[in-house]
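Each chain gets a letter, A, B and so on, in the order the sequences are listed, and its residues count up from 1.
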2 protein chains.
Amino acid sequence: MAGVRQFDEERLLADALAQFWRKGFAATSMQELAQASGVQRGSLYNAYGGKEALFIAAYRRYQARYIEGVQRALAPPDLRVALSGLFAFSIGYIRTDRRGCLTTKTAIDEEAGSPAIRAALRQQMSDLQALLVERLAPAASELRLPVEMAADLIVTHTRGLVVMERIQDDPARLQAGADALVGLLLKEAQV
Amino acid sequence: MAGVRQFDEERLLADALAQFWRKGFAATSMQELAQASGVQRGSLYNAYGGKEALFIAAYRRYQARYIEGVQRALAPPDLRVALSGLFAFSIGYIRTDRRGCLTTKTAIDEEAGSPAIRAALRQQMSDLQALLVERLAPAASELRLPVEMAADLIVTHTRGLVVMERIQDDPARLQAGADALVGLLLKEAQV
DNA sequence: GTTAAATTTGACATGAGTGTCAATCATGCG
DNA sequence: CGCATGATTGACACTCATGTCAAATTTAAC
């Protein structure tokens, strides 16, 4: 196995993710990726074949990070705290450096329409939904809706959040809206 | 006032809107706009100065159309019917030719960050919110939340809808989720 | 009909970005 | 040690898009 990869793949993927996250899939060029990472364009083509494969490799780390954060946020035993915390985490996540949400950016990006990318996005959303179902199931009796439906509503709200954040730039208002939704979902008295 | 505009501005704006709507602001070039409309690139620069002004002119028609549809959808006297109809309209609107939502595309588009564009987006969302408040206010007693908060939740849900539509391509599921939200918002027994 | 204002047109110079490829270089393995 | 394997590098040939401008053209108004 001679002729070994010279660049640090960890570093490359971290740099590529930062770039994709900030600018989106379509708006990020191989040229930029090369500059941002210090790896020559030719090497990137040689190693990954093109932008899409590199994107998917970088996106995998994004997925993992977000899902991990969601798990942590959902851990508290009190359901209201857990759900409110999930939204707080999401809001903080996208507002770091005002970078927004890569999943949403990619979902909206018409040029990111390859089957592999679409599959990754679907995967991410269904993972999120699954975590919610898992968290909600034991507390089903506290909910005003069937577990699956409640999870769907929460997932959709996280996406709406991301869009409204871009338009309004008002995290307190986002959190208040999220908490109102949580209040509606739970049977006990509302806030 | 000699040397009068040769092209039909109505037609141009309609063509430009179609292009922007499909591909988004950043991904649409002046070149494409010229080809799609049959108006020379130079004429477009002369008439509008650049892409941003042309976009805003085209977006105005988009705004009007959507708001008009929302008004029609919200007209029915039964609140549940009105809100469910609003979501049905929104889902149908974005699914026509699978074109998605131009407001959301633009909100997510990092290259569409000029103050004028951002202001137009904010305007559109606050117009939607205002229509909702207007419709909800007389029926405030039927709601589980304060009018403003309920309107916010509905607005955010329309944005989430748009994103989920791109990922799941499942309008029935979107409508079911929307109806579940409406059920939560209304005090009477749920579906 | 002439004039003058404004639009249209095609060309120009420039800058990004693309994907490929042959030559060069590094290194693990026999 | 040498070599084959595979990575790196820089260049090449393209395509697309940009914004500007002078020349040509159109037409309302006098």
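In this structure, A/S29 does not reach the C/dA16 phosphate: none of its side-chain N or O atoms is under 4.0 Å from OP1 or OP2.
Not a single donor-acceptor pair under 3.5 Å links the side chain of A/K23 to the backbone N or O of A/S29.
Rounded to whole Å, atom C1' of D/dA17 lies 12 Å from atom CD of B/E111. Straight-line distance from the CG atom of A/L33 to the C1' atom of C/dA16: 15 Å, rounded to whole Å. Taking atom CD on B/Q31 and atom P on C/dA16, their separation rounds to 17 Å, with Å as the unit. Taking atom OH on B/Y48 and atom C1' on C/dT8, their separation rounds to 15 Å, with Å as the unit. Counting to the nearest Å, the P atom of D/dG19 and the NZ atom of B/K51 are 9 Å from each other. Here the C1' atom of nucleotide D/dT20 and the CG atom of B/L44 are 15 Å apart, to the nearest Å. Between the C1' atom of D/dC16 and the CD atom of B/Q35 lies a distance of 11 Å, rounded to the nearest Å. Distance A/L12 CG to D/dT8 C1': 14 Å, rounded to the nearest Å.
Residue-level contact check: A/S43 touches the bases, meaning some heavy atom is under 4.0 Å from a base atom.
In this structure, the nucleotide among C/dG10, D/dG19, C/dG19 sitting nearest to the side chain of A/R41 is C/dG19. In the set C/dG10, C/dT18, D/dG10, C/dG10 carries the atom at the smallest distance from any side-chain atom of B/Q40. The side chain of A/Q6 lies closest to C/dT27, out of C/dT18, C/dT8, C/dT27.
In this structure, B/F55 has its ring center no closer than 6.0 Å to that of B/W21.
Aromatic ring pairs are classed by plane angle as parallel below 30°, tilted from 30° to 60° and perpendicular above 60°; the pair A/F25 and A/F20 is parallel. The aromatic rings of A/H157 and A/F87 sit perpendicular to each other, their planes meeting at more than 60°, with 30° as the lower class boundary.
Remark on DNA chain C: of its neighbouring residues B/F7 and A/Y45, the 5'-side contact belongs to B/F7, judged by nearest-heavy-atom nucleotide.
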(message) Pair A/L161, A/I94 - check side chain to side chain contact (heavy atoms under 4.5 Å, CB included), show working.
(response) CA-CA 10 Å; A/L161 220 52; A/I94 62 177; 5.6 Å; no

